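Since the structure comes first, as structure tokens, the remarks are kept for the end.
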Amino acid sequence: MCNRALIQTVPVLLLLCALGCAGPDEGVYTGEIGNKKKVKVGVEPDGVVHLDGYWQERLSGVHEKGSLQGKDMDALVFEGPASKKFKLRMLYQEEGDALIIRAIQSRTYGPGARYLPTEKDSVFEPPPRLIRQASD
């Protein structure tokens with residue numbers, strides 16, 4: 001009896017984890033963040049995420065879970081270029097076809113490295129929105 005319950009429960013838990021960690025829908029999201037007027041986040045079918053217009057060059061990353069002021073939140077985490085190793089984290093919430101950016105933080109690599117705000121105001125008010133573009 002115990003083995004049967006385990007066999008039935010494990011696939012359900014795996015499915016829930018997969019659905020809960022999916023990240024934003026595939027597509028291209030555009031908008032303004034701070035003084036960056038043409039920010040673009042592209043979400044590929046395989047889950048890889050690209051960021052253009054925020055840093056001097058394109059950054060690539062993935063979806064992760066994060067937290068902001070003790071509240072669980074979704075995050076897009078991008079790797080800096082090989083010449084300047086860092087991580088850039090965008091904490092966001094989804095609302096319809098928009099990503100509402102709650103905070104952007106960065107950190108260097110190394111022991112004790114912590115995420116620090118990259119924008120003048122660490123938490124945006126009002127928060128910028130990146131709107132999902134219609135696919136052609």
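The analysis underlying the following values was restricted to heavy atoms, covering all of them including side chains, and did not include hydrogens, waters or symmetry mates. In this text, all values refer to a predicted model and were calculated from it rather than measured experimentally.
- The shortest distance between side-chain heavy atoms of Val39 and Thr30 does not fall below 4.5 Å.
- When the side-chain hydrogen bond (donor to acceptor under 3.5 Å, both in side chains) test is applied to Glu26, no partner is found at least two apart in sequence or on another chain.
- The side-chain contact (heavy atoms from CB on, under 4.5 Å) search around Val62 returns Glu64, not counting sequence neighbours.
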Inset, instruction - Show your reasoning for whether salt bridge (Lys or Arg N to Asp or Glu O under 4.0 Å) applies to Asp72 and Lys65. - result: CA-CA 7 Å; Asp72 289 338; Lys65 293 291 181 181; over 6 Å; no

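- Taking both residues in full, the closest heavy atoms of Gly66 and Ala75 are given as N-CB, 4.4 Å, listed atom of the first, atom of the second, then distance.
- With rounding to the nearest 0.5 angstrom, the CG atom of Leu68 is 9.0 Å from the CD atom of Gln93.
- With sequence neighbours excluded, the residues that form a side-chain contact (heavy atoms from CB on, under 4.5 Å) with Asp52 are Lys40, Arg58.
- In this structure the side chain of Leu88 never reaches within 4.5 angstrom of the side chain of Val77, judged on heavy atoms.
- In this structure the side chain of Met90 reaches within 4.5 angstrom of the side chain of Ile33, judged on heavy atoms.
- Across all non-hydrogen atoms, the minimal contact from Lys36 to Gly53 is CB-O, 3.8 Å.
- For the atom pair NZ (Lys87) and CD (Glu79), the distance works out to 5.0 Å, reported to the nearest 0.5 Å.
- Considering only residues two or more places apart in sequence or on other chains, Ser60 meets the side-chain contact (heavy atoms from CB on, under 4.5 Å) condition with His50.
- With sequence neighbours excluded, no residue forms a side-chain contact (heavy atoms from CB on, under 4.5 Å) with Lys38.
- Remark: Arg129 engages Glu95 in a side-chain hydrogen bond (donor to acceptor under 3.5 Å, both in side chains) (not counting sequence neighbours).
- Under a hydrophobic-cluster definition in which Ile, Leu, Val, Met, Phe, Trp and Tyr are linked whenever side-chain heavy atoms come within less than 4.5 Å, directly or via other members, Trp55 and Phe78 are assigned to the same cluster.
- Side-chain N or O atoms of Glu44 include none that pairs as donor or acceptor with a backbone N or O of Gly42 at under 3.5 Å.
- When the side-chain hydrogen bond (donor to acceptor under 3.5 Å, both in side chains) test is applied to Glu94, no partner is found at least two apart in sequence or on another chain.
- We find the CD-CZ distance between Gln69 and Arg102 to be 10.5 Å, quoted to the nearest 0.5 Å.
- Side-chain contact between Ile131 and Tyr29 is absent, with no heavy atoms from C-beta onward closer than 4.5 Å.
- Applying the side-chain hydrogen bond (donor to acceptor under 3.5 Å, both in side chains) rule to Glu32 yields no partners; only residues at least two apart in sequence or on another chain are considered.
- In this structure, Leu59 and Pro81 approach most closely via the heavy-atom pair CD2-CD, 3.9 Å.
- Residue Tyr92 comes nearest to Ile101 through the heavy atom pair CB-CD1, 4.1 Å, listed as atom of the first residue, atom of the second, then distance.
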Inset, instruction - Take Lys84 and Glu57 through the side chain to side chain contact (heavy atoms under 4.5 Å, CB included) test and state the conclusion after the steps. - result: CA-CA 11 Å; Lys84 185 174 174 103; Glu57 51 193 274; over 6 Å; no

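- The shortest side-chain heavy-atom distance between Leu76 and Pro24 falls under the 4.5 Å cut-off.
- By the criterion of side-chain heavy atoms lying less than 4.5 angstrom apart, applied directly or through intervening Ile, Leu, Val, Met, Phe, Trp or Tyr residues, Leu51 is grouped together with Phe86 in one hydrophobic cluster.
- In this structure the side chain of Arg89 never reaches within 4.5 angstrom of the side chain of Ile104, judged on heavy atoms.
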